[in-house]
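Read the structure below first, then the notes.
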Number of protein chains: 2
Amino acid sequence: MRIGELAERTGTTTRTLRYYESRGLLSARRTGNGYRAYGEDDVRLLRQIRLLQDFGFELEETRPFVECLRAGHPAGDSCPASLEVYRAKLAELDECIAGLQAVREQVGAQLARAELESAAGEPRCELTPDPN
Amino acid sequence: MRIGELAERTGTTTRTLRYYESRGLLSARRTGNGYRAYGEDDVRLLRQIRLLQDFGFELEETRPFVECLRAGHPAGDSCPASLEVYRAKLAELDECIAGLQAVREQVGAQLARAELESAAGEPRCELTPDPN
DNA sequence: GTAGACCTTGACGCTGACGTCAACGCCAGC
DNA sequence: GCTGGCGTTGACGTCAGCGTCAAGGTCTAC
């Protein structure tokens, strides 16, 4: 199949496919007129890439999965290198989540404090009953 | 004080300060020779910006805090607009954390499955005792 | 034979928050 | 007067993952 069909079947764009090729993640035979030609393997390969991309993996991180598939393994994560990427990503996610939760607490504390100060400060600027 | 001293006192760089000025977050008087001149107010203003930046706020999101301080309020979050930014950021953080946790679970599941398949598949490629 | 849908390469644009460099002016100390 | 350290503006570079054009070639259907 040609690049347009592959793009459509994998829910991406021709630009993206050419970009992947420029990054060495995808390769294509060429027909007589210079058009790129793809097969079903490429569909599987792209579905693997897109799945990982949806998880937030960087393109470079998908490379072991791609190479694993190209080596003829049944799944992109049949190789130890892919499992390592999984584990590294889990650690990264945990770190990221923990960082965000810490920030969330700090921002929440700032908001609570500011709301308190606002509630205490505003009445002085308005016509509120004098405690006397 | 001049730009170098302000940068040093706020733990940033002159480039950053000029960038903030280009974004309208910072303003400076000019001395006779064209040098920027800053006061203590600018130090406070920058500390406010840097605090929010450390929390992961975008520069634009610090603008209400900056304007609040410039309006003469004691704190950058003394104004309702700033509190709104806090609340929006909390919602954004919650959404982001939830998304990351969902991804974490999916990646974890992929890893578990791949490890199982790997444990089941590998022995077939090696010299394992035949069940017969 | 020509319109239109596909394909090719190459190159610039985008986002954010600056880093880095160029080419120059100002000012203090020796 | 000259070296060194500050300051100035302007412009391009960085990171990722493409989007979007430009200028053309190819193939199909009418």
Side-chain angles (χ1 to χ4, degrees), chain A residues 1-39 42 45-66 85 88-89 92-93 96 100 103, chain B residues 1-39 42 45-66 85 88-89 92-93 96 100 103:
Chain A
M1 92 199 69
R2 291 181 303 180
I3 196 169
E5 187 183 344
L6 180 59
E8 200 175 359
R9 283 187 55 188
T10 56
T12 179
T13 67
T14 61
R15 178 68 184 92
T16 296
L17 298 184
R18 280 189 274 258
Y19 176 65
Y20 288 176
E21 182 175 322
S22 81
R23 304 276 82 195
L25 286 171
L26 198 57
S27 62
R29 289 176 295 109
R30 296 295 182 127
T31 60
N33 53 20
Y35 288 9
R36 290 170 176 84
Y38 302 95
D42 298 306
L45 204 148
L46 274 168
R47 290 202 202 286
Q48 174 72 75
I49 295 178
R50 301 308 291 182
L51 174 68
L52 297 177
Q53 286 274 89
D54 289 346
F55 284 163
F57 284 54
E58 291 175 14
L59 261 189
E60 269 315 304
E61 294 174 324
T62 71
R63 193 176 295 275
F65 296 80
V66 168
V85 174
K89 182 57 68 176
E92 188 184 322
L93 282 167
C96 186
L100 286 179
V103 166
Chain B
M1 91 198 70
R2 291 181 302 180
I3 196 168
E5 188 183 343
L6 180 60
E8 200 175 357
R9 285 187 55 187
T10 56
T12 179
T13 67
T14 61
R15 178 69 183 92
T16 297
L17 298 183
R18 280 190 273 259
Y19 176 65
Y20 288 175
E21 183 175 322
S22 81
R23 304 276 84 193
L25 286 172
L26 197 58
S27 62
R29 290 177 294 109
R30 297 295 181 125
T31 60
N33 52 21
Y35 288 9
R36 288 170 176 83
Y38 301 96
D42 298 307
L45 204 148
L46 275 168
R47 291 201 202 287
Q48 173 72 75
I49 295 178
R50 300 308 290 182
L51 174 68
L52 297 177
Q53 286 275 89
D54 289 345
F55 284 162
F57 284 54
E58 291 177 13
L59 218 41
E60 269 314 305
E61 294 176 323
T62 71
R63 193 177 295 276
F65 296 80
V66 168
V85 174
K89 182 56 69 175
E92 188 185 321
L93 282 166
C96 186
L100 287 179
V103 167

Does CD belonging to A:Glu21 count more than 12 external heavy atoms closer than 6.0 Å? yes

Rounded distance (Å) that lies between atom P of C:dA17 and atom CG of B:Asp54: 13 Å

Report yes or no: is the cationic atom of B:Lys89 (NZ for Lys, CZ for Arg) closer than 6.0 Å to the six-membered ring centre of B:Phe55, at no more than 45° off its axis? no

Distance check: side-chain N/O of B:Thr16 vs OP1/OP2 of C:dA17, anything under 4.0 Å? no

Within less than 4.0 Å of OP1 or OP2 of D:dA16, is there a side-chain N or O belonging to A:Tyr19? no

Please confirm whether the shortest side-chain N or O distance from B:Thr14 to OP1 or OP2 of D:dG7 is below 4.0 Å. no

Under-3.5 Å donor-acceptor pair between B:Arg15 side chain and C:dT20 base: yes

Round to the nearest Å and state the distance from A:Arg2 atom CZ to C:dA5 atom P. 14 Å

Expressed as a whole number of angstroms, how long is the span from A:Ile49:CD1 to D:dC18:C1'? 14 Å

If you compare all heavy atoms of B:Cys96 against all heavy atoms of A:Leu100, which two are closest, and at what distance to 0.1 Å? SG-CD1, 3.5 Å

Taken to the nearest whole Å, CD/A:Glu60 to P/D:dC18 is 13 Å

Within the pair B:Gln53 and C:dC18, is there a side-chain N or O less than 4.0 Å away from OP1 or OP2? yes

Respond yes when some side-chain nitrogen or oxygen of A:Arg18 is under 4.0 Å from OP1 or OP2 of C:dT8, and no when none is. yes

NA contact type, A:Arg36, heavy-atom cut-off 4.0 Å: base, sugar-phosphate, or nothing? sugar-phosphate

Separation of D:dC27 atom P from A:Ile3 atom CD1, nearest Å, is 17 Å

Output the rounded distance in Å from CE (B:Met1) to P (D:dC6). 16 Å

Inspect the contact between B:Glu60 and B:Arg63 and indicate whether a charged nitrogen and a carboxylate oxygen are less than 4.0 angstrom apart. yes

Quick one: B:Leu17 CG to C:dC18 P, roughly how many Å, whole number? 10 Å

Check whether any side-chain N or O of B:Arg30 sits under 4.0 Å from OP1 or OP2 of C:dC26, and answer yes or no. no

Sorted by position of nearest nucleotide on DNA chain D, 5' first, the leading residue of B:Tyr38 and A:Gly32 is B:Tyr38

Pairwise side-chain contact, A:Tyr20 with A:Leu59, heavy-atom cut-off 4.5 Å (strictly under): yes

Check: B:Tyr35 side chain, C:dG25 base, donor-acceptor under 3.5 Å: yes

Tell me whether the OP1 or OP2 atom of D:dG25 has a side-chain N or O from A:Asn33 closer than 4.0 Å. no

Whole Å only: how far is the CZ atom of A:Phe57 from the C1' atom of D:dA16? 17 Å

